[in-house]
J.: 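Below: one structure in structure tokens.
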2 protein chains.
Amino acid sequence: MTDQPPPSKSRRAFVREAPETRRAALIQAALELIGEAGYRSATTRAIAERAGVTLGLIRHHFHSKEDLISAAYDAHMSAMSDLSLAPAERKDLPPDQRLALVIEANLTPPVMSERNVTLWASFIAQIPNEPGIRTTHDRTYLSFRDRLEALIAETLSAQGRAVPADELRRLATSCNALIDGLWLEGGACPTGFAGDDLVAMGQDRIGVLLGVTLNRF
Amino acid sequence: MTDQPPPSKSRRAFVREAPETRRAALIQAALELIGEAGYRSATTRAIAERAGVTLGLIRHHFHSKEDLISAAYDAHMSAMSDLSLAPAERKDLPPDQRLALVIEANLTPPVMSERNVTLWASFIAQIPNEPGIRTTHDRTYLSFRDRLEALIAETLSAQGRAVPADELRRLATSCNALIDGLWLEGGACPTGFAGDDLVAMGQDRIGVLLGVTLNRF
DNA sequence: GTTTTTGTTATTCAATTGTATAATAACTTG
DNA sequence: CAAGTTATTATACAATTGAATAACAAAAAC
């Protein structure tokens, strides 16, 4: 069927792909490897093999391995933010229900997973080495908190409640911390919590912090 | 003053130390290096140099580098637990004040620091590689949560309130998550929060979750 | 004081890593 | 269809790594 037409001297057959395609494939390969077996397993050779290419392509499409890792961190955090904040855009739902869905998305797969905790920890641990990682971290963290803050403001406003800006900021920071902490516990101890236990806890406690009822939708 | 009596053939002078001393020195050296510049910088040679010995000693006092890293993680988590839970033992103080002090200890240096976040993330990222790391993580996590749960129970009980065991467990899990999340944010964004802002937030929000007043001691 | 023990140094080794360079071929352009 | 572009492969290289081994000496045992 798919017999390889032996080229002149047994050189591996290949297809030219668009740079964006190859970059995306290399990024995905790096994320898979780090998520599966940690940062150490993501060598240039392993990444290239996972992406179905040879080692040299990394240097061709990225300035260095460090550059690839930074790009992978950026892509991963963007994807996770989009996944967990997707319910916030559903304008057909009331804000309190959207908030409950955002919490649920954060505390269920695929956002909450052992793989993602490993990935996240691997990148955080690289902060002292690569300045690009810190920049991306700060940007994505503030972006998520701001969008969560907006959703909280909407929720409170819909109930006729108004809070000062600084108090709103503290509320968002605390709720963000609670979500992060539960996400971490669920991902690091995958067997420690039953079913939607963490989701119920998250919705319930954030409801208490905000003075609203979020669960039981 | 301290001229070295040149040994027979320019071999480095040394002093024999007790195994526990050397083990502790190597562990501390590893923790310093990982905390300063991440896991990658903690090579066997760098650890030995930091500890003031030569490379071969690691294999003499530990079965492997992996064994040293596991021991370092264990020692570090124990030290942090002791630091942050020390106020819980002060029987001269009422439980609500002890709880407030535990929260404060968790959200101020030396427990909350960029170095410690880097350290913690580095170890978590090693979980897929070394099974010993996961064991230590689960043990220290559950130990901290249990002791926090006991302190919460004491606090509520002192106010004449009793909660079912399962609800108490959820309360402890949520409070632990909130503390972890704030600790993480403070350590990862050292410039993002002013003074005791995080401490006030932690005490205030956990007070809300428990229905007690913890701040302003 | 002599012997024994073992903590410690010094050196070597095989494996792996990220990167660099040259050769090649797939696709594009005209 | 011919020439040019560049994505891709193949190979090499210098540096680093964790580990292994042998030589040595400091302290203990006798």
J.: Donor-acceptor pair, distance only, cut-off 3.5 Å: does the side chain of S41(A) make one with the backbone of L33(A)?
T.: yes
J.: Regarding R23(B) and E17(B), does a basic nitrogen lie under 4.0 Å from an acidic carboxylate oxygen?
T.: no
J.: Nearest nucleotide by nearest heavy atom, which residue falls closer to the 5' end of DNA chain D, F14(B) or T43(B)?
T.: T43(B)
J.: Counting only non-hydrogen atoms, which of residues 48-66 of chain A are less than 4.0 Å from DNA chain C?
T.: L55(A), R59(A), S64(A), K65(A)
J.: Rounded to whole Å, how long is the line connecting atom CG of D67(B) with atom P of dG18(D)?
T.: 14 Å
J.: Counting side-chain heavy atoms from C-beta on, which of dT19(C), dA10(C), dC13(C) comes nearest to R45(B)?
T.: dC13(C)
J.: Any salt bridge linking E32(A) with R115(A)? Criterion: basic side-chain nitrogen under 4.0 Å from a carboxylate oxygen.
T.: no
J.: Answer yes or no: is there an ion pair linking R170(B) with E167(B), defined by an N-O contact shorter than 4.0 Å?
T.: yes
J.: Between S143(A) and R139(A) (side chain of the first, backbone of the second, donor and acceptor by atom type, cut-off under 3.5 Å), is there such a pair?
T.: no
J.: Of all the choices, dC24(D), dA25(C), dG18(C), which nucleotide is nearest to the side chain of T44(A) once you look at every atom?
T.: dG18(C)
J.: Round to the nearest Å and state the distance from R40(B) atom CZ to dA15(D) atom P.
T.: 17 Å
J.: Does the distance from a Lys or Arg side-chain N to an Asp or Glu carboxylate O, for K65(A) and E130(A), drop under 4.0 Å?
T.: no
J.: Could you check how far CZ of R23(B) sits from P of dG7(C), rounded to whole Å?
T.: 12 Å
J.: Under 4.0 Å: is that the gap between some side-chain N or O of R12(A) and OP1 or OP2 of dT9(D)?
T.: yes
J.: Which nucleotide sits closest to the side chain of R16(A): dC27(C), dA27(D), dA25(D)?
T.: dC27(C)
J.: Can a salt bridge be assigned to the pair R98(A) and E89(A) using a cut-off of 4.0 Å between side-chain N and carboxylate O?
T.: no
J.: Give the rounded distance in Å between these two atoms: CZ of R22(B) and C1' of dG7(C).
T.: 8 Å
J.: Between P on dG18(D) and CG on N129(B), what's the gap in Å once rounded to a whole number?
T.: 13 Å
J.: To the nearest angstrom, how far is Y39(B) atom OH from dG18(D) atom C1'?
T.: 11 Å
J.: What is the separation between atom CD on E17(B) and atom P on dA27(D), rounded to the nearest whole Å?
T.: 9 Å
